[in-house]
> 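I have a structure here, written as structure tokens, and I will follow up with some questions on it.
Remember, it's a predicted structure, so these values are computed and weren't measured experimentally. Each chain gets a letter, A, B and so on, in the order the sequences are listed, and its residues count up from 1.
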There are 2 protein chains.
Amino acid sequence: MRTVRAYERIVEQIEEAVESGSLHPGERLPSERELMAQFAVSRSTVREALRVLQARGLVRSRPGDPNGAEVLPFTPAALHKSMTTLARVDELSLGELVQFRMVLDASANLLAARLRTDEQLDEMDAAIGRMRAAVAVGYDEFSAADVAFHDAVARASRNKLIEICTDVVRSIVLGLISEKIAGAPDRQALMWRSIRHHEEVLAAVRAGDGPLAARLSRQTMYDYYVGYVPAGERPALRALLE
Amino acid sequence: MRTVRAYERIVEQIEEAVESGSLHPGERLPSERELMAQFAVSRSTVREALRVLQARGLVRSRPGDPNGAEVLPFTPAALHKSMTTLARVDELSLGELVQFRMVLDASANLLAARLRTDEQLDEMDAAIGRMRAAVAVGYDEFSAADVAFHDAVARASRNKLIEICTDVVRSIVLGLISEKIAGAPDRQALMWRSIRHHEEVLAAVRAGDGPLAARLSRQTMYDYYVGYVPAGERPALRALLE
DNA sequence: ATGCATTTGTTCGTATGTATC
DNA sequence: AGATACATACGAACAAATGCA
């Protein structure tokens, strides 16, 4: 036997309305008082439901707002959150994360090589330009430009799932080791080498050679991160380099 | 300016305790009344915090339980939930989902070909045996055996992220089209062809030929699903077949 | 097997701070 | 600046469910 909690009914119903499109981002939910009348429950129950919906990133409520809670456009924030907890509680290793990035980025490049538009090529080119200019500025700007390049590739793959997962996993990896990279003694040399690698990848994408772009991108990421991965996990990464 | 809600403090603190490992799965949280004393807040606030933690899959609370909420082992349920939401609100196309599965499964096979143990080979073999026996039984059993095969491959890749994402995306895809597959007029022929393809993949994994296993697995999945993907999206799938 | 104590699920009423008009 | 409507938060209460003696 399974009793459905009162707040769960509300969550499911509003969730359904949002996901089916009858409630669009930017629209407002009824106020808490209206909701309690509509569902014939108390205020606390309504609030518990709203907390869950908020945790799932579907709505946002602010004190003093004359309207009710706001329906939000989808963001991968909740996905990001649960993947971060996965990384922490299951002790997801850095090796696994980097390996996953290699898989995603290589696939994105493979697809981008065949599906990219000229505008997207320009974006990638501009990102590499930013990377080059950033070497003198500092690691943060360099990293931001690097992210912009990979984002452009991911968008060019025309696969939202790849795009979002790339974004999520990358930010987790960077959260784990960005300070180590920033503090590397030879970081300028690393940056220049990374730029050269990115140029090779872009050339392959421009030429439409998907397999080459995929192989180069795997190698690029391997070279960039292998120093931070424990030696015992490196063979698993090399297994992707064929 | 950013005011931190009362319930957020509680969520963050308990979340931190769970993720850092000072609270293990199976252990109990203090009761709601103890928590309200401990954090000096009202019971409603405590409950809102517990609802959020429950939505994130970290704890579970049952009425009448003399102990407090139970700390749960990690499950990808929350991840599954947010990815399902993504699929619904962002109208993630079937093509994108299948494409993503092709990417993940191919990578899992590539890695499995190099890292698999003999026991894992036996598992895959047994799964194909189940598939063969299931043709006469029906689609549900066939699908379950098919899932078991792909799960064995994913485990053999030794990458939990690949394993979990494979599982999540697969269940979303199957949720979208399982009834169509089950009702296909020539489904027995499809099953036999799928079995033959799986045998080829397994042979490549057994031989340690990663690139071959990856290519075959992509082709297998393409053949199995392409009939359900709108014609306009098929070129993007074929882009993965080189 | 039966109560009993405890806990969660839910309700109601009230007070407070805040954003918008 | 004031009025209004809203969310935030508190506290007391009752019902239902659970575990234990």
> Grab the CZ-P distance between A:Arg28 and D:dC6 for me, whole Å please.
12 Å

> If we ignore angles and hydrogens, is there a donor and acceptor under 3.5 Å between the side chains of A:Ser93 and A:Glu233?
yes

> Could you tell me the separation between the CZ atom of A:Phe39 and the P atom of C:dT10, rounded to a whole number of Å?
14 Å

> Do any of residues 44-58 of chain B sit with a heavy atom less than 4.0 Å from DNA chain C, and if so which?
B:Arg47, B:Arg51

> Counting only side-chain heavy atoms from C-beta out, which of D:dC6, D:dA17, D:dG19 sits nearest to B:Pro66?
D:dG19

> Applying a 4.0 Å non-hydrogen cut-off, can you work out what B:Arg62 is touching in the nucleic acid: base, sugar-phosphate, or nothing?
sugar-phosphate

> Counting side-chain heavy atoms from CB outward, which of D:dT8, C:dG9, D:dA7 is closest to A:Arg5?
C:dG9

> Please report the distance, rounded to the nearest Å, between CG in B:Asn67 and P in C:dT6.
14 Å

> Within this structure, what is the OH-to-C1' distance between A:Tyr7 and C:dT11, rounded to whole angstrom?
17 Å

> Between the side-chain atoms of A:Arg43 and the base atoms of D:dA7, is any donor-acceptor pair under 3.5 Å?
yes

> With sequence neighbours left out, what residues match B:Ser42 under side chain to side chain donor-acceptor pair (under 3.5 Å)?
B:Thr45

> A:Ser42 side chain: which of D:dC10, C:dT20, C:dT10 is closest?
C:dT10

> Tell me which one of B:Glu141, B:Met131, B:Met191 satisfies side-chain contact (heavy atoms from CB on, under 4.5 Å) with B:Asp146.
B:Met131

> Starting from C1' on D:dT8, measure out to CZ on A:Arg60 and report it in whole angstrom.
16 Å

> Working note: B:Ile181 + B:Arg187, criterion side-chain contact (heavy atoms from CB on, under 4.5 Å); need CA distance, chi angles, decisive distance, verdict.
CA-CA 7 Å; B:Ile181 297 181; B:Arg187 64 180 185 282; 5.9 Å; no

> Tell me, do A:Leu97 and A:Leu176 make a side-chain contact under 4.5 Å, heavy atoms counted?
yes

> Do the non-hydrogen side-chain atoms of A:Gln13 and A:Ile10 ever get within less than 4.5 Å of each other?
no

> Closest-nucleotide mapping onto DNA chain C: is A:Asp65 or B:Ser61 further toward the 5' terminus? I mean the 5' end.
B:Ser61

> Under 4.0 angstrom, heavy atoms only, what part of the nucleic acid is B:Glu32 near: base, sugar-phosphate, or nothing?
sugar-phosphate

> Measure the spacing between NZ of B:Lys81 and CD of A:Glu15 and express it to the nearest 0.5 Å.
4.0 Å

> What is the distance, rounded to the nearest whole Å, between atom CZ of B:Arg9 and atom P of D:dT8?
15 Å

> Just the rounded figure in Å: distance from P of D:dA5 to CG of A:Leu35.
17 Å

